[in-house]
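We name chains A, B, ... by the order of the sequence lines, and we start the count at 1 in each one. Note that these values count all heavy atoms, side chains included, but never hydrogens, waters or copies made by symmetry.
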Amino acid sequence: MPELPEVEVAARALRRWLVGAPIARVRTKRSNVVASRLGTLRGQTCSAVERRGKWLRISFDTTTLFSHLGMTGKWVERAPTDRALAHEHAVFTLAERSVRYVDPRAFGRLVLAKRELPAWTALGPDPLLDGVDPARLRGRRAIKDVLLDQSVLAGIGNIQATEALFHARIHPERAANELSDAERAALADGIGWTLQRTLALEDGTEITYLGEKGSENPFVVYGRAGEPCPSCRRALERIVQAGRTTTFCARCQPRRR
DNA sequence: AACGGAACCTGAAAGC
DNA sequence: TGCTTTCAGGTTCCGT
């Protein structure tokens, strides 16, 4: 679920909830999600929360906690006395609040590391922090694959890639090397556009996910196969590449130009 | 080397 | 109504 915008929302919330106050108590459930013994965080104070791509780096006095939200991960704030939530994997209790990690599908990870985590170090430029260099959108692979490669650009997932490709009017199966400079520039622009747009929609402190609480699909083409193209009204189509679905308009995003 | 598929999980929605 | 199938916004491993 979470792509760059949702993780950015989580980072902002964690900054407000964690920075400055010592952790009084840590409780974890054993599962694949909690990959380290987090008890060492007791008594330590968070000094900074950073996001790069879909990863969070949460700095404490003598160690660093890395958090990836997988498909369904979420950080929430509750009263310390509130009962355990469903799929709650970790609870950090501070003075007057408890900060909890919830993840039904359990694809997320909480990992302690002294310095860096290889997964963090391997990340490419972050579109929000570093901007998007169109020259990076190259390779023999399909452009959709390139967009999802976290070492090329960090933070783009299936939704943001789908939206950016539509905005730039580029067919997802075209080879990245085949794009013109103008198309690469349009795609870089589309990435910025969809990230900012999604971020603006994520107004609350907690992440919201499509389909959750019956919320309406806020995206332009993602999840809208069969509906009319917002630009030309032709029915949107869907294709699958390496198991990932892309919704697109066959007229506005032609395979050949 | 590059790419596709399976695996890791649970739950909501669609299909029957 | 209820059981079954399909699908989901991520990543990694494994085989071809």
**Q.** Separation between CZ of Arg169(A) and CZ of Arg251(A), rounded to the nearest 0.5 Å
**A.**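 The CZ atom of Arg169(A) sits 10.5 Å away from the CZ atom of Arg251(A).
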Worksheet entry | Side chain Arg15(A), main chain Val49(A), donor-acceptor under 3.5 Å |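 Indeed, once roles are kept as given, a pair shorter than 3.5 Å links the two residues.
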Quick check against the 3.5 Å criterion: does His89(A) have a side-chain atom that pairs as donor or acceptor with the backbone of Ala106(A)?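 No, His89(A) side chain to Ala106(A) backbone: no donor-acceptor pair under 3.5 Å.
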To the nearest Å, give me how far apart [atom1] ([X]) and [atom2] ([N]) are.
| X | N | atom1 | atom2 | answer |
| --- | --- | --- | --- | --- |
| Arg224(A) | dG9(C) | CZ | C1' | 15 Å |
| Met71(A) | dA12(B) | CE | P | 15 Å |
| Glu8(A) | dG9(C) | CD | C1' | 17 Å |
| Glu202(A) | dG9(C) | CD | P | 16 Å |
| Asn217(A) | dG9(C) | CG | C1' | 11 Å |

Taking atom [atom1] in both [N] and [M], what distance in whole Å separates the two?
| N | M | atom1 | result |
| --- | --- | --- | --- |
| dT6(C) | dA6(B) | P | 13 Å |
| dC9(B) | dC3(C) | P | 25 Å |
| dA12(B) | dT11(C) | C1' | 23 Å |

Practice problem: For Arg234(A), look at atom CZ and say whether over 12 heavy atoms of other residues, nucleotides or ligands are found less than 6.0 Å away. | Solution: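 Yes - once you tally the heavy atoms of other residues, nucleotides and ligands closer than 6.0 Å, there are more than 12.
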Describe the nucleic acid contact of Thr162(A) in one word from base, sugar-phosphate, nothing, applying a heavy-atom distance below 4.0 Å.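 Since no nucleic acid heavy atom lies under 4.0 Å of Thr162(A), the category is nothing.
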Item to complete: Under 4.0 Å between any heavy atoms, over every strand shown, what does Arg141(A) touch: base, sugar-phosphate, or nothing? Just pick one.
Response: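 Counting heavy atoms under 4.0 Å across all strands, the contact made by Arg141(A) is with sugar-phosphate only.
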If the threshold is 4.0 Å, N to carboxylate O, is there a salt bridge linking Asp149(A) and Arg141(A)?
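So Asp149(A) pairs with Arg141(A) through a salt bridge.
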Quick check: closest heavy atoms across Arg136(A) and Val152(A), and the distance to 0.1 Å?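 Taking every non-hydrogen atom into account, NE-O, 2.8 Å.
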**Q.** Base dG9(C) paired with Glu6(A) side chain (donor-acceptor, <3.5 Å)
**A.**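 For Glu6(A), whose side chain was compared with the base of dG9(C), there is a donor-acceptor pair (under 3.5 Å).
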Worksheet entry | Pairs flagged by salt bridge (charged side-chain N to carboxylate O under 4.0 Å, His left out) wherever residues 18-41 of chain A is involved - sequence neighbours left out |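 Every pair satisfying salt bridge (charged side-chain N to carboxylate O under 4.0 Å, His left out) with a residue in residues 18-41 of chain A: Arg27(A)-Glu88(A).
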For the residue pair Phe248(A) and Val221(A), establish whether any side-chain heavy-atom pair is separated by less than 4.5 Å.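 No, their side chains stay 4.5 Å or more apart.
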message: Counting C-beta onward and ignoring hydrogens, is there a side-chain heavy-atom pair between Gln253(A) and Ile170(A) closer than 4.5 Å?
response: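 They are not in contact (no side-chain heavy atoms under 4.5 Å apart), so the answer is no.
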Counting primed atoms, P, OP1 and OP2 as sugar-phosphate and everything else as base, the B/S/- map of nucleotides 5-11 of chain B against protein heavy atoms under 4.0 Å is ---BBBS
### Message
Give the residues of residues 186-195 of chain A touching DNA chain C, defined as any heavy atom closer than 4.0 Å, sorted by residue number.
### Response
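Contacts with DNA chain C under 4.0 Å: none.
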Review point. When Leu4(A) is tested against each of Leu199(A), Ile191(A), Leu195(A) for side chain to side chain contact (heavy atoms under 4.5 Å, CB included), which residue passes?
Key: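 Result for side chain to side chain contact (heavy atoms under 4.5 Å, CB included) with Leu4(A): Leu195(A).
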Output field dot_bracket for DNA chain B (Watson-Crick or G-U, both distances under 3.5 Å, | for other-strand pairs) contains .|||||||.|||||||
Aromatic plane relationship, Trp75(A) with Tyr101(A) - under 30° parallel, 30 to 60° tilted, over 60° perpendicular:
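Ring orientation, 0 to 90° scale: tilted.
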I'd like to know if the side chain of Gln44(A) pairs up with that of Thr63(A) as donor and acceptor (distance under 3.5 Å, no hydrogens or angles considered).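 No donor-acceptor contact under 3.5 Å links the two side chains.
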Inset, instruction - Report the residues that fulfil side-chain hydrogen bond (donor to acceptor under 3.5 Å, both in side chains) with Thr247(A), sequence neighbours left out, ordered by chain and then residue number. - result: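 Residues passing side-chain hydrogen bond (donor to acceptor under 3.5 Å, both in side chains) with Thr247(A): none at all.
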Check against side-chain hydrogen bond (donor to acceptor under 3.5 Å, both in side chains), His167(A) and Thr194(A)
CA-CA 8 Å; His167(A) 194 260; Thr194(A) 182; over 6 Å; no
Using the 3.5 Å cut-off, write out each protein N or O paired with an N or O of nucleotides 11-14 of chain C and the distance between them.
| from | atom 1 | to | atom 2 | distance (Å) |
| --- | --- | --- | --- | --- |
| dT11(C) | OP1 | His68(A) | NE2 | 2.6 |
| dT11(C) | OP2 | Lys54(A) | NZ | 2.9 |

